[in-house]
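The structure under discussion appears below in the form of structure tokens.
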Amino acid sequence: MNRYRSHNCNQLRKGDIGKKINLSGWINKKRDHGNILFVDLRDNYGITQCIISKDNKNFNELEKIQLESVVQINGEVVDRSKDTINKDIKTGEIEIKIESFKVLGSCKELPLPVFSDQEYAEEIRLKYRFLDLRRKKIHENIILRSKIISFIREEMNKLGFLEFQTPILTSSSPEGARDFLVPSRLNPGKFYALPQAPQQFKQMIMVSGFDKYFQIAPCFRDEDARSDRSPGEFYQLDLEMSFVEQDDVFEVVEKLLVNTFKKFSNKKLLFEKFPKITFSESMLRYGTDKPDLRNPLVIQDITEIFLRDDVSFEIFKKLIKSGSKARCIVTKDTKNKPRSFFDGIDKWAKDQGSSGLAYFTVEKDKDFFAKGPIGKFFSLNAIKEIMKKTGAKEGDSIFFSCGKKTELEKITSLARNKIADELGLIDENVFAFCWIVDYPMFEQDENDNKIKFSHNPFSMPQGDLSKLNYDKPLEILAYQYDIVCNGIELSSGAIRNHIPELMYKLFSIAGYDKKRVDEKFSGMINALSFGAPPHGGIAPGIDRIVMLLANEKNIREVTMFPMNQNAQDLMMNAPSEVKEEQLKELSLSLKLKK
RNA sequence: GGGGGUGUAGCUCAGUUGGUUAGAGCGAUCGCCUGUCACGCGAUAGGUCGAGGGUUCGAGUCCCUUCACUCCCGCCA
């Protein structure tokens with residue numbers, strides 16, 4: 001009870017009838033019957049119907065008030081007759097007989113309706129985000145986000161993790177994404193960078209002996225947006241543990257995610273013990289390192305088939321001789337699908353920039369035969385061999401693609417999703433988690449053939465460290481892992497390399513000499529030289545977890561104040577120009593491109 | 001940086017083969033209405049058809065350029 005309200009708008013029930021109360025909230029909706037006026041009053045908690053009739057001296061004034069104005073209503077809780085009960089709201093058995101009211105915050109004409117299920121252009125939603133956030137769906141998403149974060153904090157505390165903050169102004173790192181830079185006034189010509197992740201700090205925390213750390217950490221990366229990637233900033237559940245191996249990290253994270261997803265969603269978990277898929281297996285079977293395991297389709301390599309003399313599909317044969325591979329996707333029992341289904345997939349593949357998807361369907365007359373545009377290129381024995389190799393049965397169709405490894409992976413991965421979509425094979429009521437493990441330590445850049453770190457340069461290589469074959473760096477695997485859920489990369493992590501000599505060695509393979517490593521990672525290398533514990537961790541993306549649990553396809557639907565695709569905040573007008581004096585103070589001058 | 005989609009009233013959208021004065025619903029304003037809960041009924045106001053250029057007797061509609069938003073590719077250790 002305070003001067004504004006005695007109850008909230010979701011509180012009053014039959015038992016409160018007769019009470020004199022006051023409520024404060026927004027006018028969600030008015031229904032004006034001329035001599036009687038219904039006002040739906042809304043606050044964070046719910047809606048209460050209030051009613052006023054012409055004989056009240058305040059009637060005419062209330063009738064004129066704009067929707068979304070904030071008012072305080074004083075009145076009495078009264079019963080509703082049976083036929084006027086509203087079962088859709090918790091307070092639907094009662095209503096408030098208005099005695100007097102007061103406008104606490106008036107509202108201009110609205111640029112977008114608040115009370116409506118309609119969808120609106122994002123531009124206007126982002127500009128008036130404070131109005132958009134009043135709307136039911138997104139209001140609930142943001143509340144869900146808060147609850148999920150609280151829950152995660154509690155769970156982490158229970159598991160013995162300590163929460164620490166790490167600096168927001170730090171140094172630029174040469175690896176990874178583009179940095180956001182902040183000029184230093186006191187150090188002219190020098191810049192801070194916003195952290196892409198608290199990676200080095202959390203390792204320092206381990207070196208400092210704190211054993212288990214976590215943080216709901218803001219991360220800043222100046223990269224272009226996607227529907228599941230906010231431009232600029234996002235949050236990770238950053239965590240790190242000392243004296244652990246990969247499986248210790250897995251155990252903690254699996255427990256946390258299973259608990260969280262069970263608590264906040266009714267969808268089923270396909271696996272409570274997340275399957276572990278090696279990076280190379282994932283690239284072959286799914287064409288990507290973030291496979292959607294709800295999708296039962298798999299990709300198989302059948303390059304050899306096209307080397308047979310009784311297969312005369314010359315286009316593929318020629319490509320394969322020049323180093324291409326052939327892979328296929330088998331769809332179960334699709335012989336009765338119309339020609340348009342197959343041609344549609346083929347056309348779609350061409351639209352994706354590939355040379356299309358060849359296909360045939362295995363049918364049986366006296367014996368098996370391949371029906372479809374390329375069926376005639378395969379002998380009976382070849383068809384039988386394909387069936388044996390791929391597990392295809394009569395009535396199944398097989399889609400083929402041929403190309404260089406990388407492009408082949410890309411198109412088959414997309415095709416796997418596309419075909420499953422077309423066939424309705426994805427169960428939307430399921431979460432399918434998996435671990436992707438055994439990432440290669442290095443990869444070769446396709447453009448300049450240079451050896452680069454494939455993931456995180458601070459990861460620990462696998463195997464007997466004294467016997468690592470540095471002459472074949474591409475064969476070195478790392479204790480590096482990702483969590484994927486429904487095809488979305490939720491997090492990546494690693495057991496870290498805590499041995500400075502090994503670090504120098506690995507960096508030298510990626511083209512960094514000792515001097516450069518000392519320069520760029522001085523803090524880190526220095527720290528590891530003073531007694532560092534073996535340690536490792538991971539950093540699940542909070543926004544994406546909330547997105548999955550809120551059943552949203554766009555990250556902005558679970559972000560309170562997101563920027564648009566061009567990294568602009570339309571509500572706050574950021575980024576914006578600054579005064580000449582501010583630039584001067586920072587020793588900066590602008591050289592804008594025309 | 002590249003490709004796709006969208007852009008018409010405050011909001012959501014329709015607008016035929018290029019053809020009269022560009023429409024609807026919601027919202028706004030005014031009026032009527034005592035039981036609605038997407039209340040109902042009547043009227044009024046509200047338009048640089050994203051912008052610029054072109055073709056044409058005539059352009060919301062066709063062509064070119066450009067801008068904004070969005071989705072995707074690149075990028076994201």
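Throughout, protein chains are lettered first and strands after them, A, B, ... in sequence-line order, and every chain is numbered starting at 1. The basis for the numbers below is simple: all heavy atoms, side chains too, and nothing from hydrogens, waters or symmetry mates.
Counting any heavy atom pair closer than 4.0 Å across all strands shown, A:Arg125 reaches no nucleic acid atom. At the heavy-atom level, A:Asn554 lies under 4.0 Å from the strands shown only through sugar-phosphate atoms. Residue contacts shown for A:Lys410 are limited to sugar-phosphate atoms, with no base heavy atom under 4.0 Å away. Within the 4.0 angstrom heavy-atom criterion, only backbone atoms of the sugar-phosphate kind lie near A:Asn566; the bases stay farther away. Here A:Gln565 lies in heavy-atom contact (under 4.0 Å) with a base. The residue A:Ser454 sits close only to the backbone: its heavy atoms come under 4.0 Å of sugar-phosphate atoms, none of a base. As judged by a 4.0 angstrom heavy-atom cut-off over every strand, A:Lys54 is placed among residues making no nucleic acid contact.
The distance between atom CG of A:Asn564 and atom C1' of B:C71, rounded to the nearest whole Å, is 14 Å. The nearest whole Å value for the distance from the CG atom in A:Asp228 to the P atom in B:C75 is 16 Å. Between the NZ atom of A:Lys127 and the C1' atom of B:A68 there is a distance of 13 Å, rounded to whole Å.
A salt bridge between A:Glu233 and A:Arg221 is absent, with no side-chain N of the basic residue lying under 4.0 Å from a carboxylate O of the acidic one. Between A:Glu223 and A:Arg229 there is no salt bridge, since no side-chain nitrogen of the basic residue lies less than 4.0 Å from a carboxylate oxygen of the acidic one. By the 4.0 Å N-to-carboxylate-O rule, A:Lys505 lies too far from A:Glu501 to be salt-bridged with it. Between A:Glu119 and A:Lys137 no salt bridge is recorded (no basic side-chain N to carboxylate O distance below 4.0 Å). We find that A:Arg80 and A:Glu95 are joined by a salt bridge, their nearest charged nitrogen and carboxylate oxygen being less than 4.0 Å apart. Salt-bridge check for A:Arg129 with A:Asp132: passed, with a basic side-chain N closer than 4.0 Å to an acidic carboxylate O. Taking 4.0 Å as the cut-off between side-chain N and carboxylate O, A:Arg516 and A:Asp513 do not count as a salt-bridged pair. Residues A:Glu122 and A:Arg556 are paired through a salt bridge, judged by an N-O separation under 4.0 Å between the basic side chain and the carboxylate. With respect to the salt-bridge test (charged N to carboxylate O, under 4.0 angstrom), the residues A:Asp79 and A:Lys14 qualify.
Nearest to the side chain of A:Glu122, among B:U70, B:C76, B:C72, sits B:U70. Among the nucleotides B:U36, B:C75, B:C69, the one closest to any side-chain atom of A:Glu223 is B:C75. When distances are taken from the side chain of A:Arg229 to each of B:A28, B:C75, B:C33, the shortest belongs to B:C75.
Atom name P, nucleotides B:G40 and B:G27: the rounded distance is 8 Å, in whole Å. When the C1' atom is used for both B:U66 and B:G7, the distance is 14 Å, rounded to whole Å.
Residues meeting the ring pair (Phe, Tyr, Trp, His ring centres under 6.0 Å) test with A:Tyr213, sequence neighbours left out: none.
Counting heavy atoms from C-beta on, the side chains of A:Gln196 and A:Asp179 come closer than 4.5 Å.
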Between N or O atoms, less than 3.5 Å apart, protein on one side and nucleotides 29-31 of chain B on the other: list the pairs.
from  : atom 1 : to      : atom 2 : distance (Å)
B:U29 : OP1    : A:Gln66 : NE2    : 3.4

Report all interatomic pairs (protein N or O, nucleotide N or O of nucleotides 11-15 of chain B) with separations under 3.5 Å.
from  : atom 1 : to       : atom 2 : distance (Å)
B:U12 : OP1    : A:Ala121 : N      : 3.0
B:U12 : O4'    : A:Gln118 : OE1    : 3.0

Quick test: give all pairs of protein nitrogen or oxygen and nucleotides 4-6 of chain B nitrogen or oxygen below 3.5 Å, distance rounded to 0.1 Å.
none

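Note that A:Lys30 lies outside the cation-pi zone of A:Phe38, set by a 6.0 Å cut-off to the ring centre and a 45° limit from the axis.
For RNA chain B, the stems formed by at least three consecutive Watson-Crick or G-U pairs, with both atom-pair distances below 3.5 Å, span B:1-7 with B:67-73, B:10-13 with B:23-26, B:28-32 with B:40-44, B:50-54 with B:62-66.
Donor-acceptor pairing under 3.5 Å, judged by distance alone, is present between the side chain of A:Arg80 and the base of B:C37. You'll find a donor-acceptor pair under 3.5 Å spanning the side chain of A:Glu95 and the base of B:G35, going by distance alone. Residue side chain A:Arg226 does not reach the base of B:U70 through any donor-acceptor N/O pair under 3.5 Å, judged by distance alone. Counting distance only, with no hydrogens placed and no angle test, the side-chain atoms of A:Asp83 and the base atoms of B:G35 include no donor-acceptor pair under 3.5 Å.
Interface residues of residues 495-523 of chain A facing RNA chain B, ordered by number: none; criterion, heavy-atom separation under 4.0 Å.
Not less than 6.0 angstrom separates the ring centroid of A:Tyr504 from the ring centroid of A:Tyr512.
An OP1 or OP2 oxygen of B:C72 is reached within less than 4.0 angstrom by a side-chain nitrogen or oxygen of A:Ser227.
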